[in-house]
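Have a look at the structure below before the remarks.
Just the heavy atoms: all of them, side chains too, but no hydrogens, waters or symmetry mates, feed the values below.
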Amino acid sequence: MTQGFSVHIKNNQVDLKSFSPKYSYDSVVISTSEFDIVLEGLILNKKKLLKDRNEVDFRNFIIVSYLRSGWKIIKELEGEFRGCIWDKRTQQVFVFTNPTSTQRVFYATINDEFFADSDLVRLSQTLRAQGNSLQPDITSIYQLLAIGNLLEDRTPILNVNKVLDSELLEINCNTLNLKRIVYFDVNNISYYRQSQNNALDQIHEIFTEGIKMEYEKDLELDGSHLALLSGGLDSRMAMMYAVKNDFDIDCALCFSQKGYFDETISRQIASDYHISYEFVALDKGSFLKKIDELTRISEGTSLYTGGVHVSYALDQLQFDGFSIFHGGAIGDGILGGFNSEPGRKAPSQYKIIANPSFLPKIQADLDQIFKNYEREEIFLLKNLAYNRTVLGAQVLQQKAYLISPFMTKDFIQFSVSLPESWKYKHQFYLRWLLKHCREASKYSWERTLMKPNAQWKIPFGEKYLKGAYNAFYGKILRKPEKTSMYPYQYYYDSDLSIQRYYQQYFDENLDRLQDYPELQQEIARLFSSDIFYYKCQAIDILSIFKLYF
């Protein structure tokens with residue numbers, strides 16, 4: 001896959017480098033006497049942009065558009081992209097990422113020098129090569145322990161930040177003054193004013209256009225159609241909409257513990273739709289040993305276990321000839337999962353705290369972050385969806401880009417505009433499904449173990465049916481492998497080789513924290529827990545120190 005770019009500004013001199021292969025999706029590298037542009041990624045609406053401007057060459061489109069509109073050209077782009085512009089006329093550099101920040105960019109201003117890189121590890125190496133010492137950001141470390149991922153623009157490295165979603169940095173090459181510009185602002189989206197029935201029709205149209213855009217991109221790239229499919233609603237909605245719009249799915253991919261509902265439900269759907277089906281069994285959990293590999297991919301911004309099973313599935317994948325993973329990322333969250341009450345509510349600790357024992361370490365910082373948001377769902381969209389959920393996408397990107405119709409600008413804008421009372425408990429989601437994709441209700445939902453064809457089934461299934469199932473298999477039959485898509489605790493408890501591997505990793509790396517005795521003691525205490533998640537938290541911090549410090 002693509003390798004990104006870096007930029008270094010020192011003494012009014014700009015060094016802009018691209019590491020991307022020459023022919024990689026829609027990436028372009030442009031160098032003229034007036035400006036240099038590095039744009040990396042997959043532009044879903046490229047064909048439409050060229051048609052609307054009567055252009056045939058994307059590189060020329062970028063040049064003409066920049067001459068006319070400047071950096072605002074990025075407002076027109078849809079998809080997975082990031083880049084850098086060096087305007088030699090104005091002595092400005094612009095660094096940007098896409099609206100969901102799945103394409104990460106990091107930056108730092110140190111000793112009158114500006115650095116930016118699409119790879120945090122490479123940036124850390126550059127900083128060290130320039131004679132800068134790297135220190136851990138202790139608040140970030142405790143965020144990882146309390147939450148499981150970093151919030152806002154934090155990284156594990158002190159004074160190094162991440163470019164936020166929909167953000168463009170404007171850097172003056174002479175003064176290094178930095179201005180942060182938001183080019184797609186979800187904070188100021190007005191509430192929807194029409195009827196809910198109109199909204200159901202509009203979201204259907206927006207979702208349909210998103211599906212068409214991503215599958216037509218497959219055709220443009222001459223790739224096969226590979227759709228991720230599980231027992232959830234998001235992936236089935238995305239795949240069924242593709243089928244409804246006459247796209248032939250070449251393969252449906254599922255990965256989970258063998259025999260779990262994600263497999264049985266998705267296998268039935270694929271069979272009924274006569275779609276070739278590939279299943280990767282996550283049994284036994286040998287992939288849990290891929291600690292450093294996943295920390296390298298996450299760059300230390302979220303717990304490695306959030307993507308380690310995805311990495312294993314990618315390694316085992318047999319289907320080939322595709323350019324895009326078609327999925328349903330963040331649909332559940334943006335259509336109700338981020339709403340803890342049926343009304344406008346300020347952010348709280350809802351959904352984010354993974355280990356409450358570390359909350360006091362970050363409480364003051366967390367309270368300051370909360371002050372930046374008026375709506376809970378916007379905070380969670382930016383800090384769970386864009387800062388945690390996307391780890392799976394970044395793992396898959398080792399092979400191909402992951403695209404979700406729930407993550408287009410139009411869909412995000414529309415979903416955010418809907419009143420919280422509509423989305424609460426997924427009421428609007430279910431009404432949309434039943435009105436425009438009723439076929440999705442014919443199959444059980446892994447979350448409730450019931451068919452999603454009535455509103456009452458959601459709370460009932462979650463609280464009683466799924467709870468009873470987990471209690472029966474987990475506590476009575478003592479078969480925890482039956483209770484999760486990836487039962488990590490079961491894998492660890494039942495495999496001595498995993499236990500030995502983790503103990504050895506801990507023993508070999510604990511001394512890396514010797515300059516931080518309080519943290520070292522807390523990590524040792526965490527690892528001594530019988531709860532595997534806590535052990536992973538301890539190992540994650542050691543892996544981050546091993547990677548950077």
State, yes or no, whether a side-chain contact exists between F325 and V310 at a heavy-atom distance under 4.5 Å. no

Of N60, I62, I63, L49, which is the lone residue that meets side chain to side chain contact (heavy atoms under 4.5 Å, CB included) with E55? N60

Is the backbone N or O of L77 less than 3.5 Å from a side-chain atom of K409, with the two atoms forming a donor-acceptor pair by type? yes

Between K217 and I324, is any pair of side-chain heavy atoms under 4.5 Å apart? yes

Pair R447-E462, salt bridge (Lys or Arg N to Asp or Glu O under 4.0 Å): steps then yes or no: CA-CA 6 Å; R447 181 172 182 158; E462 286 180 334; 2.3 Å; yes

Would you please classify the geometry between the Y273 ring and the Y443 ring as parallel, tilted or perpendicular, with 30° and 60° separating the classes? tilted

From OH (Y277) to SG (C254), nearest 0.5 Å: 4.0 Å

Other residues, nucleotides, ligands: >12 heavy atoms within 6.0 Å of K289 NZ: yes

Is R267 paired with D262 through a side-chain N to carboxylate O contact shorter than 4.0 Å? no

Would you call R104 and D165 a salt bridge, using N to O less than 4.0 angstrom? no

How long is the straight-line distance from CD of E341 back to OG of S421, given to the nearest 0.5 Å? 12.5 Å

In this structure, CD1 of I85 is separated from CD1 of I73 (nearest 0.5 Å) by 7.0 Å

Regarding D218 and H225, do their side chains bring together a donor and an acceptor under 3.5 Å, going by distance alone? yes

Within 45 degrees of the ring normal and closer than 6.0 Å to the centroid, is that where the cationic atom of K382 sits relative to Y386? no

Does D248 CG have over 12 foreign heavy atoms under 6.0 Å away? no

Using a 4.5 Å cut-off on heavy atoms from C-beta on, say whether the side chain of R375 contacts that of F379. no

Value rounded to 0.5 Å, distance of CG in N188 from CD in E374: 8.5 Å

Mark yes or no for whether E278, through its side chain, and F319, through its backbone, hold a donor-acceptor pair below 3.5 Å. yes

Pi-cation contact, F19 with R122 (under 6.0 Å, within 45°): yes

Are D119 and E299 close enough, and set up right, to give a side-chain contact (heavy atoms from CB on, under 4.5 Å), and what steps lead you there? CA-CA 8 Å; D119 187 309; E299 297 170 296; 3.7 Å; yes

In terms of heavy-atom contacts, does NZ of K435 have more than 12 from other residues, nucleotides or ligands at under 6.0 Å? yes

With sequence neighbours left out, write down each residue that passes side chain to side chain donor-acceptor pair (under 3.5 Å) with T295, or none if nothing qualifies. S543

Could you tell me whether a side-chain N or O of D117 sits under 3.5 Å from a main-chain N or O of S6, the two making a donor and an acceptor? no

Examine F287 together with H309 and report whether their ring centres are nearer than 6.0 Å. no

Verify the distance criterion only: is there a donor paired with an acceptor across the side chains of Q268 and D272 at less than 3.5 Å? yes

Do the non-hydrogen side-chain atoms of L433 and W445 ever get within less than 4.5 Å of each other? no

Any donor and acceptor pair, going by atom type alone, linking the side chain of T97 with main-chain N or O of Q103 inside 3.5 Å? yes

Donor-acceptor check, side chain of S276 to backbone of C251, threshold 3.5 angstrom: yes or no? no

Ignoring hydrogens and geometry, is there a side-chain-to-backbone donor-acceptor pair from R236 to A440 under 3.5 Å? yes

Judged by atom type as modelled, is there a donor-acceptor pair below 3.5 Å linking the side chain of E377 to the main-chain atoms of N339? no

Please work out which of the three classes, parallel, tilted or perpendicular, describes the rings of F96 and F81, given edges at 30° and 60°. tilted

Do K212 and F247 have side chains that approach each other closer than 4.5 Å (heavy atoms only, starting at C-beta)? yes

S27 and E40: side-chain donor and acceptor closer than 3.5 Å? no

Closer than 4.0 angstrom, basic N to acidic O: yes or no for K290 and D315? yes

Hey, could you give me the CG/CD distance between N197 and Q202, rounded to the nearest 0.5 Å? 11.0 Å

May I ask you to check whether over 12 heavy atoms, not counting those of Y464, lie within 6.0 Å of atom OH? no

Note, L42 side chain near I403 side chain (heavy atom, < 4.5 Å): yes

Return yes when atom NZ of K244 has more than 12 non-hydrogen atoms of other residues, nucleotides or ligands closer than 6.0 Å, and no otherwise. yes

Determine, stepwise, if the pair T100 / N98 fulfils side-chain hydrogen bond (donor to acceptor under 3.5 Å, both in side chains). CA-CA 6 Å; T100 56; N98 64 325; 3.2 Å; yes

Verdict with reasoning, F261 to M485, per side-chain contact (heavy atoms from CB on, under 4.5 Å): CA-CA 8 Å; F261 295 106; M485 174 185 178; over 6 Å; no

Within a strict 4.5 Å, meaning less than it, do heavy atoms of the F428 and L200 side chains meet? yes

side-chain contact (heavy atoms from CB on, under 4.5 Å) for S101 and V163? Distances and angles first, verdict last. CA-CA 8 Å; S101 69; V163 178; over 6 Å; no

Could you work out, with salt bridge (Lys or Arg N to Asp or Glu O under 4.0 Å) as the rule, every residue matching E376, not counting sequence neighbours? K345

Would you mind checking if D153 and K162 are paired as a salt bridge, meaning a charged N to carboxylate O distance below 4.0 Å? no

Q397 and L402: CA distance, side-chain angles, deciding distance, side-chain contact (heavy atoms from CB on, under 4.5 Å) verdict: CA-CA 7 Å; Q397 196 169 308; L402 171 67; over 6 Å; no

Please state whether the rings of H326 and Y215 are parallel, tilted or perpendicular, taking 30° and 60° as the class boundaries. parallel

Sort out for me which residue in Y241, F414, Y429 forms a ring-ring contact (aromatic ring centres under 6.0 Å, His included) with F207. Y241

Counting only N and O atoms by type, is there a donor-acceptor contact under 3.5 Å from the side chain of K399 to the main-chain atoms of L314? no

Y401 and Y25: aromatic ring centres closer than 6.0 Å? yes

If you measure from the Lys or Arg side-chain nitrogens to the Asp or Glu carboxylate oxygens, is any gap between E420 and R344 under 4.0 Å? no

Test Y260 against E446 for side-chain hydrogen bond (donor to acceptor under 3.5 Å, both in side chains), laying out the working first. CA-CA 9 Å; Y260 186 62; E446 182 272 340; 2.4 Å; yes

Any donor-acceptor pair under 3.5 Å from Y66 side chain to F61 backbone: no

Salt bridge (Lys or Arg N to Asp or Glu O under 4.0 Å) involving K46 - partner list, sequence neighbours excluded: D26, E220

Minimum side-chain heavy-atom gap I458-Q427 below 4.5 Å: no

Look at the rings of Y491 and Y488 and say which category their plane angle falls in: under 30° parallel, 30 to 60° tilted, over 60° perpendicular. tilted

Rounding to 0.5 Å, atoms CG (L229) and CD1 (I275) come to a distance of 7.5 Å

